[in-house]
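What follows is a short report on a single structure.
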There are 2 protein chains.
Amino acid sequence: MARLTLEDVGALAGVSRSTVSRVINNESSVRPEVRARVEAVISQTGYAPNAAARSLASNRTGVIGLVIPSHVSNLFEDPYFARLIQGVTLGAKQISSTLTLFLFESEEEEREVSPRVVESGFLDGVIVTATRPGNSLMRKIASTDLPLVAIGRPGIDGVPYVDVDNRAGAFQAATFLREHGYERCGYIGGPLNTSTGEDRLAGFIDGLAEFNSALPNDLRAFGDFSEPSGYDAMSELLDHSPDAIFAASDGMALGAIRRIHDAGLSVPDDIAVIGFDGFTLGEASEPSLTTLEQPVSATGSLAVELLHKMLGDRSTPFTPSVLPVQLIRRASA
Amino acid sequence: MARLTLEDVGALAGVSRSTVSRVINNESSVRPEVRARVEAVISQTGYAPNAAARSLASNRTGVIGLVIPSHVSNLFEDPYFARLIQGVTLGAKQISSTLTLFLFESEEEEREVSPRVVESGFLDGVIVTATRPGNSLMRKIASTDLPLVAIGRPGIDGVPYVDVDNRAGAFQAATFLREHGYERCGYIGGPLNTSTGEDRLAGFIDGLAEFNSALPNDLRAFGDFSEPSGYDAMSELLDHSPDAIFAASDGMALGAIRRIHDAGLSVPDDIAVIGFDGFTLGEASEPSLTTLEQPVSATGSLAVELLHKMLGDRSTPFTPSVLPVQLIRRASA
DNA sequence: ACACTCTCTGGGAGCGCTCATATCGCTGTT
DNA sequence: AACAGCGATATGAGCGCTCCCAGAGAGTGT
């Protein structure tokens, strides 16, 4: 069965190419009767318009790219990305676009592929996530006219973005711990050259400051958001006898708990732990994890939505969206 | 900066459209001197060929689809998919294709979207994963002329696939347990309407049979590969006092361990546990998890490679590839 | 009755490539 | 000197759509 064209469908329905095109694109000026006839032919034949021809003529592809830079591709197993991808896919479906994924393994790869990605006209727009502030790939994309939305504060002026309120969340964690009587609050953070790393640290410090307390250097340790890195970070902090820990990811929080148990201490009796993410694995942990739940999937959908708006109106003024996070109290604090 | 065309680049280099096209497509019959001149213009201008025009003319898009059916999209957080996506992305990069992701949330969605996906010519080929044998979406795709590779035994004749040797792996687990003196081996399986569910069960039964032992019904329980489902399955099995458990995923194995601990028993002293996956989270568990490591990322890459071969030669005879799994002995058995 | 509007439909042009075919300028041969 | 033969390059056609404009009817007002 050779592939049908608009012209073929038109011939079968006794109308012209253009009328069929109008039906397919849901344009109004087609007589209902004619429209029905055309639609019947379409559904009988299973005709679907050729995507390439459509893109060539209309200059839109219905494809958006999700770019995940090299430095996180080894952390890709973090459920964060699974949720994010789900959210973006969902959003894309809503605007009848499809999602293409760009994972990079090295900065060199970012450089090589990026012109092909950006210049080929293959994408209507692109969502870039998890970059370090000022990331060169994002900077490069931002300098083209390819519509771009960042997930997470991008640290580049004029780049629209969607983020969760990392700062307020961390602030809330500090407040919670202090209000529950914890005196020596420690912090396990993500890499400081990420915006989440920066913001969560800043929020936590601010929150403690409200209670006139500081976050001494020896109660700070840093990981890469993964469980083992939380374990290691906790090893450092144990020497300085904290009575509570706020970790910037659930993974690190679970790692910290494992370390605390290995030291023969108990959570939360000896040391309370709060995570950040709200993933299901924190429910099943022992003890279950008190955490700040962030709306990851919604972040992804929202990014697509924002991108879609920008596609419709290229001059939309840029307004960052910052989604709230919520403290889920379970057993670890 | 208006977008350049082949013609523009040609004009700048003092050659014609087609010569530039030959340079870009690495065809041989271009004088080295001319080639160099054209390449210089290309790199100076940052020209990149328009993907849509290229596809329209050549009938190939350089895009392959990865389809993940509805019934697993809620399990998408399983690191399995992250690894698989990484593998597929890697493979796609090697054949300079890009990857588009299709996640479905319901069977209805599968039906709606599939014609658009299949008939629009947007994809050169498609990789379908994690379907139940005989899955209708896969069956539909198989009935078109869109090149298709399955990941996991598809249960449809003539569909090429890549799989890991689930059966041999489970056989190995049974052998290992019996050789180490475990007498009452229980099994926590995946859903029986998945090929991995079937094959791992069959292999385990075969393995036990080698030692003249059977797998009684009350030592079988089933989950959905997730941690909580392993916990629940283990609850059932505990009543029948197994001394060893083979779980068909690391997640379920960890759930089982948690359940065993909750019952006040120890792993492996009271009950040994073997998982299946080889994910990093099994290294950090307490005790660390003995498991069958499967080459997930390689499976993804290999699927792309196979698809690529099929694209080059549509009449390639179909040969399933089955990758080996390997027993990693850690502390839980 | 006429010009005029308004709605609906058809056809031409062109998007930027690839592919097949035509053409050019050489060399080597007789 | 003329011509075949060959590699390198140019040209034409066309991929299947969208967009724009022209034209056909049908209806309206005078």
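The chains referred to below are lettered A, B, ... by the order of the sequence lines, with proteins before strands, and numbering in each begins at 1.
Comparing C:dC17, D:dG16, C:dG10 by their nearest atom to the side chain of A:Ala53 picks out D:dG16. When each of D:dT9, D:dC15, D:dC20 is scored by its nearest atom to the side-chain atoms of A:Arg22, the top-ranked nucleotide is D:dC20.
Close to D:dG16, at under 4.0 Å from its OP1 or OP2, lies no side-chain N or O of A:Arg17. For C:dG10, the OP1/OP2 oxygens have a side-chain nitrogen or oxygen of A:Thr19 closer than 4.0 Å. For B:Tyr47, a side-chain nitrogen or oxygen approaches OP1 or OP2 of C:dC17 to under 4.0 Å. Contact annotation: B:Ser21 reaches the phosphate of C:dT18 (side-chain N/O to OP1 or OP2, under 4.0 Å). Contact annotation: B:Arg31 side-chain N/O to D:dT9 OP1/OP2 distance is under 4.0 Å.
With hydrogens and angles ignored, no donor-acceptor pair closer than 3.5 Å exists between the side chain of B:Ser29 and the base of D:dA8. For a distance-only test at 3.5 Å, the side chain of B:Ser18 qualifies as a donor-acceptor partner of the base of D:dT11. With hydrogens and angles ignored, no donor-acceptor pair closer than 3.5 Å exists between the side chain of A:Ser16 and the base of C:dG11.
Taking both residues in full, the closest heavy atoms of B:Val30 and B:Arg22 are given as CG2-CB, 3.6 Å, listed atom of the first, atom of the second, then distance.
Here C:dG16 presents its C1' atom at 6 Å from CG of B:Asn50, a figure rounded to the nearest Å. For A:Leu56 and D:dG14, the CG to P distance is 17 Å, given to the nearest whole Å. A straight line from CD of A:Glu27 to P of D:dC19 spans 7 Å, rounded to a whole angstrom. Straight-line distance from the CD1 atom of A:Ile42 to the C1' atom of D:dC17: 14 Å, rounded to whole Å. Look at CD on A:Glu33: it is 13 Å from P on D:dA26, rounded to the nearest Å. Across the protein-nucleic acid pair, A:Asn25 atom CG and D:dG16 atom P stand 17 Å apart, rounded to whole Å. One can place CG of A:Asn59 at 14 Å from C1' of C:dC17, the figure rounded to the nearest angstrom. B:Glu7 has its CD atom 9 Å from the P atom of C:dC17, to the nearest Å.
A donor atom on one side chain and an acceptor atom on the other are found under 3.5 Å apart for A:Asn25 and A:Arg54.
The pair A:Glu119-B:Arg3 counts as a salt bridge, with a side-chain nitrogen and a carboxylate oxygen less than 4.0 angstrom apart. Note on A:Lys93 versus B:Glu109: salt bridge recorded, some NZ/NE/NH1/NH2 to OD/OE distance being below 4.0 Å.
For CG of B:Asn193, the number of neighbouring non-hydrogen atoms (other residues, nucleotides, ligands) closer than 6.0 Å is greater than 12.
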